[in-house]
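Below: the structure, in C-alpha cells.
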Amino acid sequence: MLQVNFIRNNREKVLAGLNKRNVKEDIFQAIEQILQLDDSRKSLKTELDQVNADRNRLSAEIGTMMKQGQKDAAEDLRKQVAKTKERSAEVETQLSETEEKLTELLYLIPNIPHESVPQGFGADDNEVYRDWPHPLPDLGDKAQPHWELASKYGVFDLELGVKITGAGFPVYRGKGARLERALINFFLDEATAAGYEEIMPPLMVNEDTARGTGQLPDKEAQMYFVERDNLYLIPTAEVPLTNIYRDVIIDLADLPIKMTGHTPCFRREAGSYGAHVRGLNRVHQFDKIEIVQIAHPEKSYEILMEMLEHVAALLGKLGLPYRILRLCGGDMGFTSALTFDFEVYSAAQKRWLEVSSVSNFETYQSNRMKMRFRDGKDIQLAHTLNGSALALARIVASILENNQSPEGVVIPEVLRKYTGFDILA
RNA sequence: GGAGGAAUGGCAGAGCGGUUGAUUGCAGCGGUCUUGAAAACCGCCGUACCGAGAGGUACCGGGGGUUCGAAUCCCUCUUCCUCCGCCA
C-alpha cells in the first residue's frame, strides 16, 4: 500500500496516477478521507501519549510514596490515576478505530503508475515496447493447435486431469512430463547462472504472507484456500519468495537480493471457461519459474530492465517469436508501478499468449511487509520486483505449435541436453 | 494426537510487581595506541509513532486480563524443545 506521507506530499502525482488507471470516483474520495483520518490519528496519538505520560508520572509518585509509607497521600493519587485511565481507554479505542479505518482505505488505493506507463483502459491500449522483428511464422491451414498435438504425441492429458482432480489440471505423461522437467531445469539453470539464489518455498502460505505481496485482501477469489488450516495455495512463487524478507531490515551491502524458484502455481480463475481457454491456454495448476529481486530504490528501474532482458534471452534461446508490451494504466496489476508483459506467438492458434509478466512494485509491497534496508543511520523501504522466467504451460503450448513438422515436434536445441531427445513423435 | 518445558535486543544470556527500554558477554560502528594489523583501552550501538524542538508514548512471541504500576502475576493463541503415539 501507499504511505500516507507519500500521498500527502505528492497529492497531485497520486491523483494523476489514479487517473491513469481510470479508477472510480470513490477512490478519489478515499484519498481525501485518508488524509483526514491521518490528521485525526495524529491528534489522537498526541493526546493518548499525553494522558499516558500523566499516568506514568503519577504511578511513579505512588511508588515513591509507598516506599516512604505515605499511604494516605498515595490513595489520593490513585483516584487521579483512575480518571486518566478512563480517558486513555477512550482515546485508545478511538485511535485504533481510526487506524483500522485508515488501513482499510489504504488497501483500496492501487499503486501509482510509473511516468512511462501509457494512459489506457485495457489490453488494446498497451504499448508494444518491443515487437517481433521478423515476419510471424505462417504454418498454413494444416497447422494443429497444441491440444491436438498433445493428444497425438501423448504430451499431456486433460481428460485424465478431470478424472483425477477437475477441469484445468493437466496430467503430463512420458516425453511430455520429461519436456516439462527439462524446461524447469533449463530455466532454473539460467536464473542461477544470472546470480539468482535457488529457493524451494512452501506451496501454501498464511494470511500475513498473502497480504504482504498484495494477494489479500483484493485478490482473495483468485486463490485456493484450505479452510481447515487457514492456508492459501500460492498463485505464484512471488508470494513466498518476496515474503522471506517481510519484517526484515536488510543490510545495504546485501542489495540487490536475487531469488529464483520453481513452484506449481494454483489459480482458481473462477468463471473463465470458454473458447480462449482450451488446452494449456489457461489452467488451474501450472509450473512457473519466478525471479524476484529486492532492490535499492535508485536501482530498481535499471534492475527491471535487467530482468526484462533475462526473460527476453530465455525466449530467444528457445527460438520462440515474442513481443514485449508495456502495460497501460488500465491493464496493469493493482500493486504494480510498471509492468512489461511478454507474449509468445502461438502459430497454430494465430494468437499471442502471455508467458511472462515483469514488474516493479516500488515500495507498494515493501510498505505492507515492512521490508526495509539500512543505509548507515537511514532506514527506508526497499523496492520489490519480480518476473516469470518463465510460465511453463503456455511455453509448452507454443513450442508444440511453433515447432510442429510432419516428423513431429522439434525440441529446441537448448533443451535437448535436458530432454535427452530432440523430437516428439 | 497426548504429557511436560520454553519464548527477552543481530546472537548468547540476566532480570524480588515500582526511575528496567531492559544487567552482562559476543558481534557491529567510531576513537586512542600502531608503519599497518592484532591485542588493550574509551565511547556508541533496537524499532515505530507523536512533537518545530526539548521531549514523550508504545513494544521483552501474538491477543486479552489483574494492578495506582507488569518483561515479571493470570487467561488464551502461536511457535520451538523433550517424551509418547502415528507416519513419507
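Naming convention: chains lettered A, B, ... in sequence-line order (proteins, then strands); numbering from 1 in each chain. Worth saying up front: this structure is predicted, and the values here are computed from it rather than measured.
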So, the side chain of Ser388(A) versus the backbone of Ser357(A): is there a donor-acceptor pair under 3.5 Å, distance only? yes
Counting Watson-Crick and G-U wobble pairs with both distances under 3.5 Å, what is the dot-bracket string for RNA chain B, 5' to 3', using [ ] for crossing pairs and | for pairs to another strand? ((((((((.[[[..)..(.....]]].(((((.......))))).(((((....))))).[[[[[..)....]]]]])))))))....
The contact string for nucleotides 47-58 of chain B, one letter per nucleotide 5' to 3', using protein heavy atoms under 4.0 Å with B, S and - for base, sugar-phosphate only and none, comes out as SSBSS----BBS
Taking atom P in both C74(B) and C80(B), compute the distance separating them and give it to the nearest angstrom. 24 Å
Under 4.0 Å, heavy atoms only, any strand: does Leu58(A) hit a base, just the sugar-phosphate, or nothing? nothing
Whole Å only: how far is the CZ atom of Arg246(A) from the C1' atom of G61(B)? 14 Å
Lys85(A) backbone acceptor or donor facing Arg55(A) side chain under 3.5 Å: no
Using a distance-only test with no angle check, is there a side-chain donor-acceptor pair under 3.5 angstrom linking Gln404(A) and Glu148(A)? no
May I ask you to decide if His296(A)'s main-chain N or O and His383(A)'s side chain share a donor-acceptor pair within less than 3.5 Å? no
Electrostatic pair Lys163(A):Glu159(A) at N-O distance under 4.0 angstrom: no
Atom CG of Asp247(A) and atom P of G9(B): how far apart are they, to the nearest Å? 14 Å
Main chain of Thr46(A), side chain of Asp49(A): is a donor-acceptor contact present, judged purely on distance under 3.5 Å? no
To the nearest angstrom, how far is Leu252(A) atom CG from C29(B) atom P? 14 Å
Using whole Å, what does the distance between atom P of nucleotide U78(B) and atom CG of Asn230(A) come to? 11 Å
Between A71(B) and U19(B), how far apart are the C1' atoms? Round to whole Å, please. 16 Å
Please check this pair: side chain of Thr165(A) against backbone of Val162(A), looking for a donor-acceptor N/O pair closer than 3.5 Å. no
Side-chain donor-acceptor pair under 3.5 Å between Asp189(A) and Thr192(A), yes or no? no
Expressed as a whole number of angstroms, how long is the span from Asp375(A):CG to C29(B):P? 15 Å
